[in-house]
Every structure is written in C-alpha cells, then in structure tokens.
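Throughout, protein chains are lettered first and strands after them, A, B, ... in sequence-line order, and every chain is numbered starting at 1. Just so it is clear, the values below take in all heavy atoms, side chains as well, and ignore hydrogens, waters and symmetry mates.
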Protein chains: 2
Amino acid sequence: MTQAANGRTRIMDSAAKILWQKGFAGAKLSDIAKGAGMLAPSIYYHFPSKDHLVEEVMMEGIYHNNRHIMARVEGLGAGASPIVRLRAAIVAHVDFLLTGDDYSSAVARVFDDLPDEMRKRVLAAYSSFDNYWRDLIVAAQADGSATLALDATVVRKFLIAMLDSCSSWFRPGKLGPAQIAEQAADLLLYGFATKRP
Amino acid sequence: MTQAANGRTRIMDSAAKILWQKGFAGAKLSDIAKGAGMLAPSIYYHFPSKDHLVEEVMMEGIYHNNRHIMARVEGLGAGASPIVRLRAAIVAHVDFLLTGDDYSSAVARVFDDLPDEMRKRVLAAYSSFDNYWRDLIVAAQADGSATLALDATVVRKFLIAMLDSCSSWFRPGKLGPAQIAEQAADLLLYGFATKRP
DNA sequence: GTCTATAATCAGATAGAC
DNA sequence: GTCTATCTGATTATAGAC
C-alpha cells in the first residue's frame with residue numbers, strides 16, 4: 001500500500017467520512033467520489049452498488065473497532081479485574097471514535113438507517129462486538145464489583161448508545177478525547193451523584 | 001377536537017410515527033398519507049412541503065416533551081433536592097419516550113438528518129430544553145450532591161444521548177417503561193460499579 | 001378536502017469511449 | 001481505471017376535476 005492509496009481504498013475512506021457527516025441518505029455517490037478524487041461512475045469499477053460500498057464500510061468499522069477494544073482490554077494481562085477491564089473497554093471505545101476513525105463513527109451514525117436486509121447482516125457481524133461487551137458486564141456483576149440491581153442488557157444498550165453519541169457532539173476544546181473518555185468511564189461506573197441513596 | 005381527528009392532526013400523528021420508524025429520508029409522503037387515511041397530494045392542502053410538515057412535528061415533539069418533564073419536576077414542590085429533581089427528570093424523559101409519544105421519539109431519531117437550515121431552527125427551539133437540563137445538573141453540583149469532577153456539559157450530552165436511545169431499542173418484555181426509567185436513573189446517578197475507586 | 005393525473009427533480013446505475 | 005453521456009426509478013410537488 002503506497003502513500004497515495006489505491007482507488008478502492010480512497011473510495012472507502014471517503015465514504016466512511018461522508019456517511020459519518022451526512023448519514024446514509026445524505027451520502028451521495030458524487031460527494032463520495034469527489035472526496036476520492038474522481039467522478040461518481042468510477043465508483044462502479046470498484047463496487048457494484050452504493051449499498052455494497054456502504055456495507056463494506058460498516059463491516060470494516062465494526063471489525064477495526066472490535067479489534068482495537070479487545071487489544072486494549074486483553075493487553076491488561078490476566079490479572080486485571082472485571083471493572084478494570086470494563087473501564088479499559090469504555091475508554092478505548094470513546095478514544096477510538098474521537099481520534100479520527102471515520103469508519104466506526106460512520107457505523108454509529110447510519111446503522112439505524114441501513115436498508116433492512118443489510119442491517120440484518122451488519123447486525124450479525126456486530127454481535128461478536130455485542131457479546132464482548134455483555135461478557136465484560138456480566139463478569140463484573142459475577143464477582144460482585146458491579147451491581148446486580150441493574151439489568152445487564154439494559155446497561156449494555158445504554159452504555160453503547162452513550163459512548164457512540166460522542167462522535168456526533170464532540171468538538172476539540174478544553175477537553176480532549178482522552179478526557180472525554182475518562183469522564184465517560186467515571187460517569188458509567190460511579191455515577192454523577194456524590195453519594196449513594 | 002373530535003374522536004376522529006381532523007386531517008391536519010392525522011397527518012402530523014402519522015408523520016411522527018413514520019419519522020420515528022423510518023428516519024427522515026425513509027419517511028415517504030405516500031406512507032405518511034396512508035397512515036392518515038388519504039393519498040400523498042392531499043397533504044399539500046394542509047402543509048406547503050414535506051420539510052414544513054417535518055419541522056412542525058419536531059417543534060411539537062420538543063414542546064410536549066419539555067412541558068411533560070418540567071411538569072413532573074416542578075410538581076415535586078419547592079422542597080425537593082437537586083438530585084431528586086434530576087432523577088425525576090430522567091425518569092420522566094424515559095417514561096415519555098417509551099409510553100407512546102411518537103413525536104419526541106421522532107425528534108430523537110431524525111434530528112441529525114434534518115436539512116441544515118431546519119436543524120438550526122429546531123436546535124434553537126431545543127435550547128430551552130437543553131438549558132433546563134443544564135440547570136438541573138449544575139444545581140446538583142452546586143449543593144455538593146453531584147461531583148464536580150465531571151464536566152456539566154459532557155454529563156448533559158451523555159445523559160441525553162443515553163436516554164434518547166431507548167426508544168430505538170426498547171421492546172416490551174420483562175422490563176416495562178417504568179423499570180427502564182428507574183434503571184436509567186440509577187445508572188446515571190450511582191453508576192454500575194458497587195463501590196467507588 | 002381529497003382525488004386523479006402529471007410534471008419536475010434528483011440520485012443511482014449503465015454504456016461505451018479513451 | 002476513469003471519463004462523458006444517458007437511462008431509470010423513485011419521490012416531491014403541481015394542476016385541475018369533483
């Protein structure tokens with residue numbers, strides 16, 4: 001892979017960026033092509049349709065995000081406690097979204113708008129990701145370091161929605177990606193209130 | 001207003017439901033009209049364009065949700081503590097989304113996909129809502145019942161994203177709207193971990 | 001107020017030159 | 001591999017009857 005990426009890669013990169021910025025319907029092939037330095041019909045030399053292109057971007061986003069999070073968590077070593085592992089996953093996810101991975105930001109933005117059949121396939125790929133989060137959550141409950149009063153599925157849904165949102169509202173300012181990631185972890189693990197009821 | 005609502009109201013109700021289910025681009029006028037018991041061109045007797053219709057649905061959703069939350073919080077009386085007020089707002093918001101208000105669910109789903117100019121106007125209407133949440137959050141920090149270690153703006157963004165998500169994944173099951181609402185409040189206020197670091 | 005046409009627009013997709 | 005030119009289909013919007 002040379003510095004000037006090949007056409008196919010340039011198209012994928014451009015598509016990820018524009019899907020993230022404009023959503024599924026708003027991402028026009030002409031804009032995607034422009035971002036890749038070509039015109040719309042040229043895309044069809046590399047991809048059979050817009051849907052196929054989008055689906056590849058989704059799969060790439062899920063795959064890379066998944067690998068990134070797992071690498072950071074498993075990098076903690078065998079001795080890490082469930083809460084430490086969960087915290088690392090939260091921080092890694094936010095950091096990945098905010099440090100310029102257009103692919104995973106695109107997934108978070110357009111997933112709900114995908115055509116039905118595609119969404120089913122993407123959801124299937126997403127399930128390994130979902131399962132990984134579920135395991136982190138359940139492990140923390142199992143060893144008593146997380147509360148059983150909260151439903152594991154509800155926690156997972158809320159957690160992922162909360163984390164995924166940050167790529168839509170984050171703007172570089174006084175708080176950087178690393179700080180936002182820490183705040184997310186603190187909020188989810190210890191809450192906003194200073195003392196328990 | 002009779003039991004069989006007038007045409008304009010039927011169109012708005014149908015539009016809210018379909019916007020929530022299918023998103024902005026996916027909400028076709030023909031589907032909206034069908035839900036209102038008429039055909040697409042009839043919509044133009046009541047609204048000058050699809051965009052105008054959508055904008056009215058957004059404004060209605062924001063207005064009603066806002067009123068509902070404020071009514072529940074202010075109904076607590078003058079003696080309620082900031083944390084109790086914040087908790088009531090969280091519970092009210094989730095409960096409102098999950099107990100069949102298509103308008104506020106539609107706002108949560110399509111806001112990011114609105115045409116630029118419209119989104120600016122809707123955002124302006126949304127600001128009173130945003131300010132109300134900000135005040136609840138800051139008040140809790142000011143009296144020491146919430147941590148100053150978390151940035152008030154970050155908390156508000158995460159909190160609203162988390163709560164808004166539930167209308168997209170909630171399905172009636174073992175946990176009803178009221179239970180989900182309580183879990184949201186517990187998670188946000190006290191966190192998932194059993195003890196602080 | 002709602003309908004049956006039908007126009008206008010726009011984005012995805014194809015054909016074929018280079 | 002990318003282009004110019006064109007086709008197709010879907011959807012918003014309009015005209016005018018009832």
Side-chain angles (χ1 to χ4, degrees), chain A residues 1-58 106 109-110 113-119 121-122, chain B residues 1-58 106 109-110 112-119 122:
Chain A
M1 186 116 62
T2 58
Q3 197 165 14
N6 63 39
R8 191 186 161 83
T9 305
R10 293 204 317 275
I11 293 167
M12 294 265 292
D13 288 351
S14 175
K17 184 174 184 175
I18 291 181
L19 283 166
W20 163 49
Q21 291 171 341
K22 307 206 178 173
F24 181 80
K28 291 178 286 195
L29 288 180
S30 54
D31 290 340
I32 292 171
K34 186 194 274 182
M38 57 181 73
L39 292 168
S42 304
I43 290 175
Y44 289 90
Y45 176 80
H46 301 277
F47 300 89
S49 72
K50 174 179 176 176
D51 281 11
H52 280 80
L53 166 57
V54 172
E55 189 162 337
E56 282 210 41
V57 171
M58 295 295 104
R109 162 107 198 222
V110 309
D113 293 333
L114 298 176
D116 287 346
E117 294 304 312
M118 194 199 304
R119 195 175 56 250
R121 288 189 297 273
V122 174
Chain B
M1 187 115 66
T2 57
Q3 198 163 13
N6 63 38
R8 192 185 160 84
T9 304
R10 293 203 318 272
I11 292 168
M12 294 264 292
D13 288 351
S14 175
K17 184 174 185 175
I18 290 180
L19 284 166
W20 163 49
Q21 291 171 340
K22 309 209 177 171
F24 181 79
K28 291 177 286 194
L29 288 179
S30 54
D31 289 340
I32 293 171
K34 187 195 271 184
M38 58 182 73
L39 292 168
S42 304
I43 289 175
Y44 289 89
Y45 176 80
H46 301 277
F47 300 90
S49 72
K50 175 179 175 176
D51 281 10
H52 279 81
L53 166 57
V54 172
E55 188 162 337
E56 282 211 41
V57 171
M58 296 295 104
R109 161 109 198 222
V110 309
D112 286 338
D113 293 332
L114 298 176
D116 288 345
E117 293 305 311
M118 194 199 303
R119 195 175 56 251
V122 174

Task: Side chain of A:P41 (C-beta onward), nearest among C:dT2, C:dC3, D:dT4 - done: D:dT4
Open item on the list: If I take atom NZ in residue B:K34 and atom P in nucleotide C:dC3, what distance separates them, rounded to the nearest angstrom?
Closed with: 13 Å
Open item on the list: Just checking B:K17: does its NZ atom have more than 12 heavy atoms from other residues, nucleotides or ligands closer to it than 6.0 angstrom?
Closed with: no
TODO: May I have the distance from B:H52 (atom NE2) to D:dT14 (atom P), rounded to whole angstrom?
DONE: 11 Å
Open item on the list: Check this one for me: any side-chain N or O of B:R10 less than 4.0 Å away from OP1 or OP2 of C:dT2?
Closed with: yes
Task: Rounded distance (nearest 0.5 Å) linking atom CE of A:M12 with atom CG of A:N6 - done: 10.5 Å
Open item on the list: Please report the distance, rounded to the nearest Å, between CG in B:L29 and P in D:dT12.
Closed with: 4 Å
Open item on the list: So B:A36, base contact, sugar-phosphate only, or nothing? Heavy-atom distance under 4.0 Å.
Closed with: nothing
Open item on the list: Check this for me: does any side-chain nitrogen of one of B:D116 and B:R119 sit under 4.0 Å from a carboxylate oxygen of the other?
Closed with: yes
TODO: Select base, sugar-phosphate, or nothing to describe what A:A27 touches, counting heavy atoms under 4.0 Å on all strands.
DONE: sugar-phosphate
Task: Whole-Å gap separating P (C:dA11) and NZ (A:K50) - done: 10 Å
Task: Euclidean distance, atom CG of residue B:L39 to atom P of C:dC3 [Å, nearest integer] - done: 4 Å
Open item on the list: Nearest to the side chain of A:S49, heavy atoms from C-beta on, is which of C:dT2, D:dG1, C:dA13?
Closed with: C:dA13
Open item on the list: On a heavy-atom basis, which atom in B:I32 and which in B:S14 lie closest, and how many Å separate them?
Closed with: O-OG, 2.7 Å
Open item on the list: Any side-chain N or O of B:Y44 below 4.0 angstrom from OP1/OP2 of D:dA13?
Closed with: yes
Open item on the list: What is the distance, to the nearest angstrom, from the CZ atom on B:F47 to the P atom on D:dT14?
Closed with: 15 Å
Open item on the list: Can you tell me which nucleotide in C:dG12, D:dT11, D:dA13 comes closest to the side chain of B:K28?
Closed with: D:dT11
- [ ] Compare side-chain N and O positions of B:S42 against OP1 and OP2 of C:dC3 and report whether any pair is under 4.0 Å apart.
- [x] yes
- [ ] Any chance you could lay out the side chain to side chain contact (heavy atoms under 4.5 Å, CB included) test for A:E56 and A:H46, step after step, and finish with the verdict?
- [x] CA-CA 12 Å; A:E56 282 210 41; A:H46 301 277; over 6 Å; no
Task: Closest to the B:Y45 side chain, choosing from C:dT2, D:dA13, C:dA13 - done: C:dT2
Open item on the list: In whole Å, I'd like the distance from the CD1 atom of A:I43 to the C1' atom of C:dT14.
Closed with: 14 Å
Task: Between P of C:dA11 and CG of A:D51, the distance in whole Å - done: 16 Å
